[in-house]
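What's counted below: heavy atoms across the whole structure, side chains too, no hydrogens, waters or symmetry copies. The chains referred to below are lettered A, B, ... by the order of the sequence lines, with proteins before strands, and numbering in each begins at 1.
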Amino acid sequence: MTQLVISGNYAQSYAAKLARVHVVSAYPITPQTAIVEKIAEFVASGALPAEYIKVESEHSAMQACISASALGARTYTATSSQGLLLMHELLHWAAGARTPVVMGVVNRAVAPPWSIWTDHGDTMSQRDTGWIQFYGESNQEVLDTTLMAFRLAEHPEVRLPAMVTEDAFYLSHTVEPVDIPGQDQVDAFLPPRERSSTLEVGKAMRLGSFTGPEHYMEFRHKIAKAMVRTRDVFLEIEDDYARITGRNHGGLLPTYKTDDADTVLVTMGTATTTARGVVDAMRADGHKVGLAKLRTFRPFPVQELRDLATRVDRIGVLDRSFTFGAAGAAFTEVAGALYAAPHHPQLRGFVAGLGGRDITAAMVREALLDLLTRDGPESSWVELKSRTEAS
Amino acid sequence: MTQLVISGNYAQSYAAKLARVHVVSAYPITPQTAIVEKIAEFVASGALPAEYIKVESEHSAMQACISASALGARTYTATSSQGLLLMHELLHWAAGARTPVVMGVVNRAVAPPWSIWTDHGDTMSQRDTGWIQFYGESNQEVLDTTLMAFRLAEHPEVRLPAMVTEDAFYLSHTVEPVDIPGQDQVDAFLPPRERSSTLEVGKAMRLGSFTGPEHYMEFRHKIAKAMVRTRDVFLEIEDDYARITGRNHGGLLPTYKTDDADTVLVTMGTATTTARGVVDAMRADGHKVGLAKLRTFRPFPVQELRDLATRVDRIGVLDRSFTFGAAGAAFTEVAGALYAAPHHPQLRGFVAGLGGRDITAAMVREALLDLLTRDGPESSWVELKSRTEAS
Amino acid sequence: MEEDLPEAPIATTPSDVNHTASWRTFRPVIDLKLCTKCNVCWKFCPDDAIAFDGVGFPVIRLDYCKGCAICAEECKPKAITMVKED
Amino acid sequence: MEEDLPEAPIATTPSDVNHTASWRTFRPVIDLKLCTKCNVCWKFCPDDAIAFDGVGFPVIRLDYCKGCAICAEECKPKAITMVKED
Amino acid sequence: MARLTIPAQELMRSGHSACPGCGATLVMRYLLKGLGERTIVTVPACCWTVIATPFPTTALDVPMLDCAFEATGASISGLRAAADQLGLKDVTIVGFAGDGGTADIGLQALSGMLERRTDGIYLMYDNEAYMNTGVQRSGATPEGAWTTTTPVDEFSRGKLEPKKDIMAIIAAHNPPYAATVNVAFPEDFVKKVEKAKAIHGPRFFHALAPCPPGWRYSSEKTIEVARLATDTNVFPLYEIVDGVYHITRKLGVAKPVREYLQTQGRFSHLDDAEVAKIQAQVDARWKRLLALEGLA
Amino acid sequence: MARLTIPAQELMRSGHSACPGCGATLVMRYLLKGLGERTIVTVPACCWTVIATPFPTTALDVPMLDCAFEATGASISGLRAAADQLGLKDVTIVGFAGDGGTADIGLQALSGMLERRTDGIYLMYDNEAYMNTGVQRSGATPEGAWTTTTPVDEFSRGKLEPKKDIMAIIAAHNPPYAATVNVAFPEDFVKKVEKAKAIHGPRFFHALAPCPPGWRYSSEKTIEVARLATDTNVFPLYEIVDGVYHITRKLGVAKPVREYLQTQGRFSHLDDAEVAKIQAQVDARWKRLLALEGLA
Amino acid sequence: MIEIRFHGRGGQGAVIASELLAQAAFLEGKYPQSFPFFGVERRGAPVTAYTRIDDAPIQIRTSITDPDIVVVLDAQLMRTISVTAGLKPDGLLLVNSEKAPDALASSFKGRVATIDATSIALAHGLGSKATPIVNTAVLGALARASGIVTLDSVRKAVGRFVPAKQQANVMAAEDAYQHVVSLAVVP
Amino acid sequence: MIEIRFHGRGGQGAVIASELLAQAAFLEGKYPQSFPFFGVERRGAPVTAYTRIDDAPIQIRTSITDPDIVVVLDAQLMRTISVTAGLKPDGLLLVNSEKAPDALASSFKGRVATIDATSIALAHGLGSKATPIVNTAVLGALARASGIVTLDSVRKAVGRFVPAKQQANVMAAEDAYQHVVSLAVVP
Ligand SMILES: Cc1ncc(C[n+]2csc(CCOP(=O)(O)OP(=O)(O)O)c2C)c(N)n1
Ligand SMILES: Cc1ncc(C[n+]2csc(CCOP(=O)(O)OP(=O)(O)O)c2C)c(N)n1
Ligand code: SF4
Ligand code: SF4
Ligand code: SF4
Ligand code: SF4
Ligand code: SF4
Ligand code: SF4
Ligand SMILES: [Mg+2]
Ligand SMILES: [Mg+2]
């Protein structure tokens with residue numbers, strides 16, 4: 001293990017290298033470029049004996065990964081925003097073909113207007129594609145989770161693609177200290193991929209196929225079940241990772257100071273860090289506030305949220321994206337998950353930080369205070385000229 | 001007005017013709033092909049003096065529509081499944097650029113395995129793109145709604161793209177009687193498009209643009225607000241349509257026998273028709289059951305659902321798609337919408353009919369009975385070998 | 001049923017379990033007297049529905065022949081005739 | 001603020017409201033005595049930062065010149081020199 | 001038993017779902033005869049996704065990977081990279097796609113594969129329209145042909161625009177090997193495949209695959225129609241090896257194009273002037289091909 | 001005031017966001033001089049999306065429509081159809097895209113536009129890499145060039161593969177007009193644009209656009225580098241009118257390619273053998289171009 | 001409500017037959033619904049299509065599993081496909097065959113009718129010997145055998161909606177209706 | 001926690017400076033965080049970068065609006081950009097300029113320091129006259145003027161993480177630290 005001060009992007013590149021990926025296929029897009037540039041360097045210097053397929057679009061990047069994975073290779077790609085959207089059909093494909101591709105995504109706002117800054121609109125709109133989704137809060141978490149993602153995705157009970165996201169600039173271009181596990185540690189944690197459900201040379205086997213109403217639904221149900229199993233498999237894997245590296249990032253819905261909290265803010269990505277500081281500060285003022293981080297959005301931590309809901313009176317959900325004609329996706333899904341819970345805390349949605357707008361401590365504090373003391377709208381946009389009801 | 005026995009696909013083609021579209025750009029995909037083949041015929045015979053741009057992919061089809069719309073043309077396209085997924089980036093684009101493209105979508109399952117049969121996975125995974133979404137139940141509704149969609153999309157307070165969907169084969173290839181309004185009626189209902197927010201030759205104006213964190217969020221908020229206004233604007237438009245043609249399909253969440261119902265099934269698309277028959281039959285047996293149809297999924301009829309929830313004890317949601325790692329999208333969103341409602345009926349999700357599996361009267365009846373009498377799982381898959389909890 | 005399916009949609013049953021005989025309206029019948037064993041019919045059959053007997057004469061695999069009549073059309077000595085199925 | 005924005009993201013303000021003078025480290029200075037009015041500097045300026053005075057001599061529009069020095073490089077009679085800004 | 005002029009081994013099984021008389025089926029059959037067992041085939045959406053038969057059956061005796069309609073070139077690159085990394089160096093990776101999937105929606109992925117010099121074979125079987133979806137025009141549909149999206153009516157006389165010249169596009173990428181093949185000439189077909197198999201880098205085949213329902217002729221005419229395509233110079237047979245053109249079938253005098261056109265219902269609306277125009281285009285293309293052969 | 005050799009009207013404004021010495025900026029400037037006011041420009045993701053300045057400003061005095069990175073060709077077709085339907089027949093529609101947006105991710109949409117014979121102009125400005133994202137290799141990056149994804153290290157000597165020949169690909173589509181242009185030759189550039197403007201159907205320009213940070217030379221050298229590209233035959237100037245090639249600048253003897261390469265840091269690692277190889281390739285391509293000119 | 005299932009092979013016009021029946025019913029003021037089952041629809045491959053006819057708008061959108069009537073456009077299909085699967089015991093089986101109803105190898109115990117639609121079609125120049133287009137003749141026979149639509153409605157529907165050879169098709173339907181239908185109840 | 005904002009122009013190395021500062025702080029056992037503000041990052045265009053340094057892991061991920069220290073790599077920027085916006089009154093402004101601190105046209109009332117980093121950079125062969133690469137020299141001066149990191153840490157960070165000319169860069173940092181820094185508190 002060594003410690004380096006590196007960016008979230010490099011955390012991704014190092015993870016891919018440590019995972020000994022066979023095939024990388026990627027296309028450049030700001031702010032993801034440093035990930036693949038670093039991988040290109042690793043390959044050029046011989047540090048990573050992988051094949052880096054330089055494709056002509058993200059669509060092809062994902063197809064190349066799927067096809068390589070179908071034959072049994074460990075594959076990695078990285079993208080962002082428009083590139084991710086262009087992959088959309090293939091994202092569905094990777095899940096349907098049960099190819100455990102791992103992908104780093106830098107969360108960036110969607111055009112038009114063009115924006116290279118962060119928000120979660122790009123990955124949120126992939127929430128229906130069958131990918132496991134991890135949202136990163138720090139460069140360390142990005143690196144660790146990417147390594148775990150390979151093992152999870154390839155797990156025989158899972159066999160699903162997984163993405164690990166990081167907020168544009170707030171992680172992708174922010175350097176901070178990161179523990180890099182040793183190759184021996186990683187090798188112990190992440191064995192070579194098992195070649196199950198892959199093509200075999202010389203055999204009559206068609207992966208993909210064509211089917212009428214008689215089988216399709218069952219194949220979908222298998223994915224649904226695999227995604228359900230993902231939760232427990234991941235918890236096991238994280239334990240194992242902790243055993244080897246000493247680090248555990250707290251499962252699907254890590255919480256902070258929620259044990260005695262009456263009010264909890266649900267966050268994703270880097271806003272969590274800032275919010276943690278706010279929680280500390282507000283605790284100092286005597287407010288019993290806490291934090292729960294949606295580390296995974298797929299599988300959605302329904303059980304964890306329900307457990308949380310039994311203990312608190314008020315929950316705020318901070319969304320860094322918005323679904324037009326509905327509300328923030330995290331807000332809607334938290335509400336949906338808690339509907340069947342025995343206890344119904346007050347629930348409020350806050351939309352903030354779109355297109356790279358800072359989510360400041362003041363904003364988070366204001367949202368929490370609002371939640372604590374006022375009767376605001378069910379869902380509101382934070383820090384527009386004027387707050388407006390929007391759903 | 002004339003009456004014709006035609007397919008859902010032809011209902012789309014006739015609507016596009018009656019709307020006097022300027023530009024059609026589309027790419028073939030089963031089961032959408034008849035829509036564009038018919039339009040090709042209309043253009044070839046001179047019945048529709050539009051330009052039909054024969055593109056090399058759906059991605060280009062949508063870009064061509066967006067660009068034509070940006071200059072002020074009335075544009076139409078149609079697609080299905082993989083073609084829709086391939087448009088994903090451009091779907092976001094159309095909303096962000098505020099180009100009121102209208103699109104017919106034939107709902108078809110997503111590969112792999114390849115399937116040409118219906119389910120809602122394709123359009124559901126576009127629920128975050130900013131498009132207005134109508135789900136059709138009959139060929140008549142498809143035709144009428146497509147005409148309304150043009151007026152709604154182009155409405156100065158809306159200016160958003162809209163899709164009108166129809167279930168593969170159950171509508172697309174099913175012929176049934178349809179009233180075709182007269183051209184004069186349609187002209188009275190749907191005036192030529194106003195050229196606002198469009199490019200003007202000879203002027204310095206850039207549509208799309210590039211923006212930092214200072215403006216992006218506000219542009220998104222404008223879309224959010226427009227989508228909120230969509231609801232009322234649509235109700236007005238539907239009234240107007242009814243005035244001219246005598247037909248009103250009942251707004252965003254048409255209900256059937258819900259006034260005194262204690263149990264309501266929420267449906268989408270063609271399953272509604274079968275369910276309506278089941279409701280009649282079960283009423284005959286003395287069950288107070290009713291039906292609510294999610295005619296729009298975007299905007300999501302939150303208010304209508306809350307109103308409904310005040311009156312009933314049990315709500316079932318029939319999803320024809322499934323979000324892996326969560327639940328049926330309609331189920332989750334209904335739950336999310338009702339969380340803040342004062343009254344919380346029991347809520348259960350049923351996933352059925354994926355990949356073209358028939359949603360039979362027996363299945364609907366079974367689901368309703370289950371809801372009425374048993375304590376089943378929160379979310380279940382109907383008519384697999386064995387029902388299984390899946391979220 | 002679901003339990004019998006593989007985890008991923010991988011098909012492994014050779015397609016010749018599917019008999020396509022019912023697609024056919026006409027059946028090729030070979031007049032061995034005219035046949036020169038030139039193999040042309042075999043070469044051009046899109047359904048791989050022609051095999052050879054022990055002495056090199058072509059044999060129609062009637063479970064698969066779809067009756068396209070290419071073999072009859074391409075057979076130089078006109079050794080193949082298409083006969084209506086009943 | 002939101003109210004001031006158009007409904008769609010349409011930009012209509014000509015870009016010359018943006019002054020790019022601060023990008024520059026060196027400034028082109030023209031020695032009119034050497035200048036032949038050949039217009040080459042104007043032709044090759046990527047920032048459209050060269051205009052003409054009443055008699056046809058080039059004038060650097062210093063609000064926009066980014067100091068790339070193409071004009072100086074391409075001026076045949078070497079009438080333009082790049083001078084450090086301070 | 002007479003000597004077979006093409007390999008006996010069948011890697012394509014009977015029981016597949018092609019229409020009777022399907023040319024595309026023969027293309028697969030001959031291709032696999034040339035390539036042999038250690039082959040992986042990747043196939044995008046096209047008639048062949050259906051021909052290969054529904055789950056749980058498969059018509060090939062080698063692995064087949066379905067890929068997205070527009071991504072065959074990328075799928076080849078991915079398979080190649082994986083094969084190399086997993087120690088399967090001797091495997092031939094081949095993409096098998098229709099004309100729509102190649103010349104239209106998959107052109108970019110193909111171009112990418114050629115540009116990055118992937119060691120794999122791409123074959124486009126050309127039935128000159130989107131057949132799997134029911135005969136819509138593709139970029140490879142010839143000028144004048146009726147399809148469902150290029151109807152024959154007052155404002156339309158079939159497809160307006162000339163057929164996209166995929167071989168010229170491929171040649172522009174300068175691959176080590178590219179060739180046209182035709183189901184009416186199986187020996188030439190298999191020979192070219194065997195030749196290509198021995199070469200490394202990106203290789204391309206343009207295979208003519210007549211389609212009875214799409215071209216509107218009756219199924220027994222598949223070989224005749226295909227043969228006429230070459231013998232009228234509509235579809236010349238040639239190779240391009242490292243940029244050098246070589247015509248592999250040259251007739252003293254080509255037959256008139258009319259003979260080819262009149263075999264097919266899709267051309268039945270064409271009048272004499274239209275046929276003459278097509279003849280002139282075919283002549284011009286042939287002349288250019290001869291000139292290109294001369295360039296060597 | 002001396003007579004201007006190119007039109008005085010400026011439709012590109014100052015205050016844009018290009019790097020000092022940016023060649024791509026000159027490409028836009030000359031293009032619009034040739035096309036005039038009744039023009040609509042559509043631009044995918046590329047340096048020009050940034051150069052055109054952030055909201056609420058715009059650097060063009062004509063309408064500009066942003067389009068998706070991969071869809072310029074389709075955007076042109078959409079604008080053309082709308083213009084025709086709305087009675088704006090006299091407007092010129094032009095797509096303006098980078099080499100990555102054209103030769104890689106946008107190739108398919110471009111090919112589609114050419115195939116369906118859209119009446120519009122497509123210009124590819126070629127800075128030979130993905131510059132807006134910070135110098136990654138594109139299909140149009142020349143062999144040997146350093147980029148951030150083709151590093152120079154033990155297992156890598158810059159880009160391995162030859163530059164994609166976009167003009168050959170375009171020529172394969174047989175458009176009525178295609179030409180190469182170079183910012184070092186503005187008169188030739190504008191003349192070709194004016195010529196193209198008068199033609200109908202799909203037209204294409206390949207414009208060389210040197211990029212100081214991406215090619216690693218200092219900003220004042222843009223014109224010199226560009227001129228050398230043509231004068232060493234690395235980037236010949238020619239037109240293809242209805243399939244007929246015509247070289248518009250022929251030197252008695254071309255300068256050695258080394259003179260061009262050594263102006264740029266991206267080639268600084270090349271050894272003599274590598275330079276000689278590039279020289280041989282340039283010579284071969286030039287020879288072929290002469291031969292194509294001869295084909296007429 | 002009456003539910004009809006058509007069996008044919010790709011190219012014979014089963015889908016069109018089901019649609020024409022719907023058109024004919026509509027002309028009589030009924031509410032029809034017709035749809036194909038889309039499988040691998042290849043020329044020659046087995047094809048199924050459905051029609052529902054009712055006096056009120058149809059409240060069901062599913063496949064037909066228990067038809068009242070089964071129409072077989074090609075008797076050969078009966079060798080490989082169980083065409084009478086689900087057919088109601090009191091239903092009707094109509095087969096295009098030159099044989100008499102009781103000579104058919106069918107285990108169906110209800111009403112069986114046959115019509116030599118192939119000969120009629122060929123007599124009227126519809127299709128080729130290899131692929132006669134028998135759908136309109138079969139429809140004429142169906143009108144007679146089932147009474148669900150009148151011959152007149154069939155005539156009108158065929159005349160208006162058949163894409164080509166309207167006259168010949170109408171005559172084929174009439175022929176089938178008037179002369180050749182043979183009915184029998186298998187004991 | 002100390003927050004530092006760097007102002008420079010594309011090509012001068014402001015982003016690298018902010019990262020090197022983070023590396024130096026890390027070598028001292030501190031928790032650093034550094035990030036650029038990405039606008040239109042073009043050569044010559046104004047660029048901003050940030051560094052935070054704390055003794056504990058940093059609990060904030062936002063831009064820096066009220067820095068403790070502002071570092072200006074190019075004094076010319078001060079003509080168009082308000083570099084001291086938000087700078088804490090008791091903060092430090094360090095400018096690359098040959099002028100003395102009190103000769104700077106700045107309205108900032110706190111501590112001001114200047115360093116002629118351009119001359120130092122050129123003396124060590126870093127960059128060209130048109131674009132001298134001044135970041136390492138500025139960093140040496142910052143170490144001295146602020147005391148937030150030691151010269152030794154700067155040396156190590158520069159030596160390890162500068163992509164080229166490590167030796168010259170280290171020497172430039174030392175030069176700036178030891179000889180040329182001039183401090184003054186503007187009254
Ligand atoms: C993205 C996408 N668009 C459209 C389709 C529908 N589609 C499937 S096959 C096909 C036609 C393929 O044509 P071609 O490649 O020429 O092969 P052919 O069917 O003619 O054999 C189409 C349009 C699809 N599967 N995916
Ligand atoms: C689908 C998609 N992928 C990637 C990007 C990121 N991107 C924006 S501009 C650009 C580079 C463009 O290169 P080129 O077309 O050569 O133009 P240049 O920047 O060199 O002027 C890239 C990769 C994007 N906007 N959209
Ligand atoms: S083609 Fe005719 S002659 Fe030749 S082997 Fe076949 S049947 Fe015999
Ligand atoms: S008729 Fe066709 S399918 Fe049958 S054997 Fe002859 S060629 Fe083969
Ligand atoms: S290039 Fe030189 S000589 Fe020519 S106009 Fe400019 S300054 Fe004068
Ligand atoms: S230095 Fe560059 S930007 Fe300035 S005037 Fe000269 S050419 Fe134009
Ligand atoms: S439609 Fe044509 S290409 Fe497709 S299977 Fe049938 S004959 Fe073959
Ligand atoms: S990176 Fe190159 S092409 Fe882009 S603006 Fe700068 S100089 Fe121009
Ligand atoms: Mg085809
Ligand atoms: Mg470029």
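Electrostatic pairing of A:D128 and B:R127 counts as a salt bridge here, judged by a charged N lying under 4.0 Å from a carboxylate O. The existence of a salt bridge linking B:E157 and B:K225 is excluded, since no basic side-chain nitrogen approaches an acidic carboxylate oxygen closer than 4.0 Å. Salt bridge status for A:R357 with B:E218: present, with a side-chain N to carboxylate O gap under 4.0 Å.
Among the candidates A:V351, A:V110, A:D122, A:D358, the residue making the largest number of heavy-atom pairs closer than 4.5 Å to chain B is A:V110. With chain A as the partner, the residue from B:G355, B:P113, B:S81 showing the most heavy-atom pairs under 4.5 Å is B:P113. Here B:S125 is the residue among B:S125, B:P299, B:G96 with the most heavy-atom pairs under 4.5 Å with chain A. Contact count against chain B (heavy-atom pairs under 4.5 Å) is highest for A:H92 among A:E214, A:Q303, A:R98, A:H92. Per-residue heavy-atom pair counts under 4.5 Å with chain B were compared for A:A95, A:A335, A:P112, and the maximum is reached by A:P112. Interface check for chain B: of the options A:L91, A:T296, A:T332, A:T230, the most heavy-atom pairs under 4.5 Å are formed by A:T332. With respect to chain A, the highest number of heavy-atom pairs below 4.5 Å among B:L84, B:L207, B:I132, B:I223 belongs to B:I223. Counting heavy-atom pairs closer than 4.5 Å to chain A, the top-ranked of the candidates B:A329, B:G336, B:G356 is B:G336. Note on B:V334, B:T129, B:L354: by heavy-atom pairs under 4.5 Å with chain A, the leading option is B:L354. Among B:H344, B:Q82, B:M227, B:Q133, the residue making the largest number of heavy-atom pairs under 4.5 Å with chain A is B:H344.
A donor-acceptor pair shorter than 3.5 Å can be found between the side chains of A:H88 and A:Q126. Donor-acceptor pairing under 3.5 Å is lacking for the side chains of A:N107 and A:T118.
With a threshold of 4.5 angstrom between heavy atoms, A:H215 approaches chain B through N, CA, C or O but not through any side-chain atom. At a 4.5 Å heavy-atom cutoff, the contact between A:D119 and chain B is made by side-chain atoms alone. Heavy atoms closer than 4.5 Å to chain B are found in both the backbone and the side chain of A:M217. Using a 4.5 Å cut-off between heavy atoms, A:R206 contacts chain B through its side chain alone, with no backbone atom that close.
We find the CG-CD1 distance between A:L305 and A:I315 to be 7.0 Å, quoted to the nearest 0.5 Å.
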B:E333 vs B:R298, test: salt bridge (charged side-chain N to carboxylate O under 4.0 Å, His left out). Steps then yes/no. CA-CA 11 Å; B:E333 297 216 10; B:R298 293 286 177 261; 2.7 Å; yes
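Aromatic ring centres of B:F322 and B:W381: separated by under 6.0 Å.
Ring geometry for B:H120 versus B:Y135: interplanar angle of 30 to 60°, hence tilted.
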